[in-house]
Every structure is written in structure tokens, then in C-alpha cells.
Amino acid sequence: MSDPSPPAVSMESIVALCKRRGFIFQSSEIYGGINGFFDFGPMGAELKKNIRDCWWNDMVRRRDDIVGIETSIIMHPRVWEASGHVAGFTDPLVDCKVSKQRYRADQLFFAEVVVDGQTVGYVSALESENTADQLQEAAESFKRKRAIQGKLGAVAVRNMTEARPEEIALIPSPATGQPGSLTPPRSFNMMFQTNVGAMSDAASVAYLRPETAQGMFADFRAVVDTGRVKLPFGIAQIGKSFRNEITPRNFLFRSREFEQMEMEYFIHEDADWQKCHREWINWCKDWLLSIGLPSSHLSEYNHPREKLAFYSRGTTDIMFRYPFGVQELWGIAARGDYDLMQHEKHSGIPQSIFDEATKRKIVPHVIEPAVGVDRIFLALLCAGYAEEDVRDDKGGVERRTVLRLSPRIAPVKVAVFPLLKNKPELVARAQEIHRRLKRKYAVFYDESGAIGRRYRRQDEIGTPWCVTIDFETIEKDGTFTLRDRDSMQQTRIGEAELFALLEEKVY
RNA sequence: GCGGUCGUAGUUUAGGGGUAAAACCCCUGCCUUCCAAGCAGGUGUCCCGAGUUCGAUUCUCGGCGACCGCACCA
């Protein structure tokens, strides 16, 4: 599709297809469902596995410099103290009890109004480009309205996390302009908590991991000591992570249980990290193209320096144009030596390695490409979903729904049909071919319904090819019809050629 | 978390204080020599709980879930 702005597909129709064809079910649906959790049906499980397998093959097996590991979901709680998640994976929030507005405490600013050295009141403002000016103006207005005489001092901007308890009642809500309705900042830690062992007390508290990355950092020494790795090298893993999101939204995009594919690429502290960072951004983009995401939907977003997380030297997100907007798909972060140093500090175990080239002990720096399997899953469905008009022989127009998935990740690679179900010789031959194909590929056998219906069923689950066994197959040369999903074109092909095609396209 | 809209087969919808309907899908059989054909038969539904009522899927309240806005998204 060369059209730069194809008609927007609605999330509604994608969700409906997911349900109808067994890609995604709502978790625990028979009990009314649970918000932010999803199940993968038969087609979804295949598609997801294919995404993981492609990533693992390309990222780990087909490279000499990256090893794969699998770490536990529950780790020692001190891992999350070291990583900053216990303290920092928390958004202190302030509520306005009157307007019901909620603000992030570090984005809600206030200042004392000081006249002739006396504090006469407070003003507040939300974060913007000129928060300080806004507060200054608000302070002048405050003084004028109350007809206070004297000299107004320059405002000292603070945010709500810095407010003293006795000040909170005096700070006006930005929503109402009146003081007294704001709550003190309250923390909402996004990590799921549980207890390890039979006793539920403070000492037994543990967390479900909110990211897989820390597993790689925590096992860094073990991998270095046993994995026969040399800088630069990477450690990769695929696994579930959990975040107690305040508001899960947009179907799979933000859920509370999700699966990440992360890789920590360790480089020498003197290496050109910007070059390495760029190379990984390009690698990730190429990989997305290789599983069939169109470049027209992809873009890059560089986090502005002042917005970076404290540990980050630079973060670039590969963005995807979802029906609900352009959103982050893959974050590639340059994290410096922050994580290893944190673990060195907290564990007391040195995280440095001996560098042969410089004969020095160094702590490597890291480039981290981190992506969510579920987000890729959703992107593939959004990019691949199409409803198109098809002209039939009689000149009529019909609508068909088709999922254009790359053969690499399609849940079913080939569907095998006997042209007619009531002809035993066709059925037997079709089943025989099916049996040989399924030893190596995910294939599907179907004999029920008209042949056109069977093609359309496969279109909806994204099967790239269908083969139909007909009388020619049996009576003549053994060739059968190969029907292409996207063009709907039919060609005759033999079994050896079919295997060759699959060998080339499914890797 | 706040506000709004909503919740009837797998899907899309109709209906309604007296136990529910259609189309498509799906399954079975017949038929069918390549794009959702036809005929016959079949499975399957009022989100959950409490209240009002002789009786609630329908009304009320609460919960859960979905969508849309706001806020949030280390």
C-alpha cells in the first residue's frame, strides 16, 4: 500500500477480529473480566510465540555477541531498591478534593506571596514553559486583589513534593483558585507487592518485576564469569513484567501484565556510545520491517535532554502510528553505567570487569533496547488489518477482511484444502500433504464449506498461502493450486517448490 | 482516580415488568471441479449481586466490565 494515509482502521474492528478469530480474549471473562489483563487465544498464542522466536533468533542465536538468559519474576527486594524502583517507581499525586482533579506533585508548582518580608498567602500553577512568570503574575494579582500595601518579593518556585505539611492547606488548587482542597502528595507505587514465605510481614515483602532489565544487571557478574563473553557484548531476555497501572487503556497497549523483550548491550566506558546507540536504533527499525511493519507507520522520537530519566544519557523511542495515536513501541536508552554502579553500591559486590585492551578494571556502559511483545502484537494487527472490496466473476462487489501478516510471524503459514470434501481421493491426498507440512510448519487443514469461504477464513487470521488439492493433482502431475492471500492470485505449484518457498519466506 | 455513554447468542442488532428474536458466524448431512453459493437440520444469549414486586433480563442501588474525555503513563 503506497497511500501515505490509508483510511484509519478502528480499534473496535480489530478488537472484534481478535475475539472472533481467537487472538485475544479478555482475562477471566466468565467472572466479569479483570481490567488490564488479557488472554491469548489459539491464534494469538501462535502469533506471540512467533514474535518472540523471531526476536530471539535474530537477537541471540544469529549473533555471536549476545547471550540469552531467563531470570525470575520475583527477585530480592533490594534489587528494586538499588534500581530506584521502590523509591522512584512512584508518582506522588495530589488530589483536589473539590474539583476532583489529580496532579502529579512534581508538576504542580506553588510559591509564597511575600510582601515586605511577610508571607501573606500562596499561589499555584501547573508546570509550563514559564511557570515562574505565571507564579509571579499570580502573586501580583493576589496582592492587588487584596489591596495589600508594600513591596512584593520575587517568588520562590517550589513544587508540591517540597511543600511543608502546614503549607498544604494554604496552597490554592489550580482548578478552583481556592486553598484548602489539596491533599498531601500520596505515593502510588506501580509495583505489585506480594509476600514470600508463609508469614506476611514487612520482612517478607517482595515485588513482581516491573521490568526484566534488572535481571540482566543482577546476573551480570555470573554471565561474565561463565558465559565466555568479551566487550562489547549483550545479555538478552524475554519475559513477563507487571505494573499496577492506574488506568490501563487502549486494548493491549497498556496492560498490567505484559511481556518484554529487553537486551542490555555492554560497551567499554570509553566507547562511542552515541554511535552504538544509533546502530541499535537502526537494528531495531530493520527488525520491525523484517516482521512486516510498514515504515510508513514508524517514526523516531528523541527524548529532550531535560525530560530524560535521571539515569539516561539519551533515549530514542521508535514510535508506531496506532489507530489511537502515535505511541511508543521500542525504547532505546543509553543508560551509562548507572545500573551496574547502583548494584555495586547496594550489593557491595564489584561489577567491574578486567579490560584486556587497556589493562584496567572498568564498569561497562550500557545501551538498552526494550520493547513490549504485546505492543508489537498490537502494531502488527493494526498495520495488517484491512477491509477491502473484492470484485467477483459476476461483477458484484464483496467486502473481505484480511490480515496482512508477514509469513515470518503469521500464526498459520499454509492452509491445505481438498477442493471437494465428498471425494475421498482428494481428501486423502490433502491430508497426506498436510501431514508432511506440519512436521515443520504451523499449517491448517480445512475441508468444510465452499472453497471461497475457506479462503476467507484464512484471510482473517493472516495465513499467507492456501493450497487446494484438485483432480489435476491426482490425475496429472501432482501440482496443486497455491493461492496468495494479498493478491488472491492462484498459481500451480508442486510440493518441492512449496517447501522451497516456505524455506525462503519463513525464517 | 474523576466525569459521560453503555452492557441481550461468537458477532451485529431488535425487543420488552409475565422466562426472548433476527441476520451473519459456527457444527452436522446432502450437494458443489477454485473466492463468504444452495437445501435440510443443530448448538448457543439477557454482565454479577442486592432491593422493589405475586413475578425483574426490563425499574432502583451497588459492583464488575467496555468505550470516550480529563488526569496519569519511573
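A, B, ... follow the sequence lines: proteins, then strands. Residue 1 opens every chain.
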Subject >> B:C31 phosphate, OP1 or OP2, under 4.0 Å from A:Asn422 side-chain N/O >> reply: yes
**OP:** For B:C39 and B:G7, measure between their C1' atoms and round to the nearest Å.
**Re:** 37 Å
Original post:
The side chain of A:Arg249 lies closest to which of these nucleotides: B:C68, B:G10, B:U33?
Top reply: B:C68
Original post:
Does NZ or CZ of A:Arg375 fall inside the cone over A:Phe320's six-membered ring, less than 6.0 Å from its centre and within 45° of the axis?
Top reply: no
Original post:
How about A:Gln260 and A:Ser241: does a side-chain donor come under 3.5 Å of a side-chain acceptor?
Top reply: yes
Original post:
Rounding to the closest angstrom, what is the interatomic distance between B:C47 and B:A9 at atom C1'?
Top reply: 14 Å
**OP:** Calculate the interatomic distance between A:Glu447 atom CD and B:U33 atom P; express it in whole Å.
**Re:** 16 Å
Original post:
Which listed nucleotide (B:C34, B:A71, B:G65) is nearest to the side chain of A:Asn35?
Top reply: B:G65
Original post:
Between B:A74, B:C31, B:C35, which nucleotide gets closest to the side-chain atoms of A:Arg243?
Top reply: B:A74
Original post:
Nearest-Å distance, CZ (A:Phe324) to P (B:C72)?
Top reply: 19 Å
Subject >> Aromatic ring proximity, centroids under 6.0 angstrom, A:Tyr455 and A:Phe417 >> reply: yes
Subject >> Position toward the 5' end of RNA chain B (nearest nucleotide), A:Gln489 or A:Ala16 >> reply: A:Ala16
Original post:
Now, which nucleotide makes the Watson-Crick or G-U wobble pair with B:G55, with each of the two distances under 3.5 Å?
Top reply: none
Original post:
Now, which nucleotide makes the Watson-Crick or G-U wobble pair with B:C39, with each of the two distances under 3.5 Å?
Top reply: B:G29
Original post:
Under 4.0 angstrom, heavy atoms only, what part of the nucleic acid is A:Asp459 near: base, sugar-phosphate, or nothing?
Top reply: nothing
Original post:
What is the glycosidic conformation of B:U13: syn, defined as within 90° of 0, or anti?
Top reply: anti
**OP:** Give me the one residue out of A:Phe251, A:Phe25, A:Phe253 that meets ring-ring contact (aromatic ring centres under 6.0 Å, His included) with A:Phe38.
**Re:** A:Phe251
Original post:
For B:A66, does either OP1 or OP2 sit under 4.0 Å from a side-chain N or O belonging to A:Gln26?
Top reply: yes
Original post:
What is the nucleic acid contact for A:Arg457, judged by heavy atoms within less than 4.0 Å: base, sugar-phosphate only, or nothing?
Top reply: sugar-phosphate
Subject >> Base partner of B:A20, which must satisfy Watson-Crick or wobble distances under 3.5 Å >> reply: none
**OP:** Answer with base, sugar-phosphate or nothing: what part of the nucleic acid does A:Glu460 contact at a heavy-atom distance below 4.0 Å?
**Re:** base
Subject >> C1' gap between B:G4 and B:A50, integer Å >> reply: 26 Å
Subject >> Selection from B:C27, B:U33, B:A36 that lies nearest to any side-chain heavy atom of A:Ser448 >> reply: B:C27
Original post:
If you look at every strand shown and take non-hydrogen atoms under 4.0 Å, does A:Glu12 touch a base, only sugar-phosphate, or nothing?
Top reply: nothing
**OP:** Counting Watson-Crick and G-U wobble pairs only, both distances under 3.5 Å, name the nucleotide matched with B:C70, or none.
**Re:** B:G1
Original post:
Taking atom types as modelled, is there a side-chain donor on A:Gln214 or A:His85 under 3.5 Å from an acceptor on the other?
Top reply: no
Subject >> Test salt bridge (Lys or Arg N to Asp or Glu O under 4.0 Å) applied to A:Asp459 and A:Arg21, A:Arg453, A:Arg400, A:Arg404, the passing residue >> reply: A:Arg400
**OP:** Kindly say whether A:Phe37 contributes a backbone atom to a donor-acceptor pair with the side chain of A:Glu257 at under 3.5 angstrom?
**Re:** no
**OP:** Using a cut-off of 6.0 Å, state whether more than 12 heavy atoms not belonging to A:Lys49 lie near its atom NZ.
**Re:** no
Subject >> P spacing across the pair B:G10 / B:C31, given as an integer number of angstrom >> reply: 32 Å
**OP:** When you get a sec, tell me which of B:U11, B:A36, B:C31 is the closest nucleotide to the side chain of A:Lys421?
**Re:** B:C31
**OP:** Go through B:U33, B:G65, B:A36 for me and flag the one nearest to the A:Arg453 side chain.
**Re:** B:A36
Subject >> Donor/acceptor link under 3.5 angstrom from A:Arg20 side chain onto base of B:C25 >> reply: no
**OP:** Tell me which nucleotide among B:U11, B:U33, B:C35 gets nearest to the side chain of A:Met488.
**Re:** B:C35
**OP:** Could you work out the separation of B:G3 and B:U11 based on their C1' atoms and round it to a whole Å?
**Re:** 30 Å
**OP:** Measure distances between side-chain N and O atoms of A:Thr481 and base N and O atoms of B:C34, and say whether any donor-acceptor pair falls under 3.5 Å.
**Re:** yes
Original post:
A:Arg399 has an atom CZ; how far is it from atom P of B:A36, in whole Å?
Top reply: 16 Å
Original post:
Separation of A:Arg256 atom CZ from B:C64 atom P, in whole Å?
Top reply: 11 Å
Original post:
Taking the C1' atom of each, how far is B:U12 from B:C48, in whole Å?
Top reply: 24 Å
Subject >> Rounded interatomic separation in angstrom, taking CZ from A:Phe253 and C1' from B:C72 >> reply: 14 Å
Original post:
If you find the nucleotide of RNA chain B closest to A:Val15 and the one closest to A:Gln327, which residue's nucleotide is nearer the 5' end?
Top reply: A:Val15
**OP:** Grab the OH-P distance between A:Tyr455 and B:U33 for me, whole Å please.
**Re:** 15 Å
**OP:** Please give the nucleotide sitting opposite B:C64 as a Watson-Crick or G-U wobble pair, both distances under 3.5 Å, or none.
**Re:** B:G7
Subject >> Nearest-nucleotide pick for A:Leu419, side chain only, options being B:U32, B:G1, B:C34 >> reply: B:C34
**OP:** Report the base-pairing partner of B:A14 (Watson-Crick or G-U wobble, both distances below 3.5 angstrom), or none.
**Re:** none
Original post:
With a 4.0 Å cut-off on heavy atoms, is A:Asp470 in touch with a base, just the backbone sugar-phosphate, or nothing at all?
Top reply: base
**OP:** Using the C1' atoms only, state how far B:C26 lies from B:G17, rounded to an integer number of Å.
**Re:** 34 Å
Subject >> Nearest-angstrom distance from the residue atom CD of A:Glu29 to P of B:A66 >> reply: 10 Å
Original post:
Any side-chain donor paired with an acceptor under 3.5 Å for A:Glu447 and A:Tyr445?
Top reply: yes
**OP:** Please state the P separation for the pair B:G42 and B:A56 - nearest whole angstrom.
**Re:** 31 Å
Original post:
Whole Å only: how far is the OH atom of A:Tyr31 from the P atom of B:G49?
Top reply: 12 Å
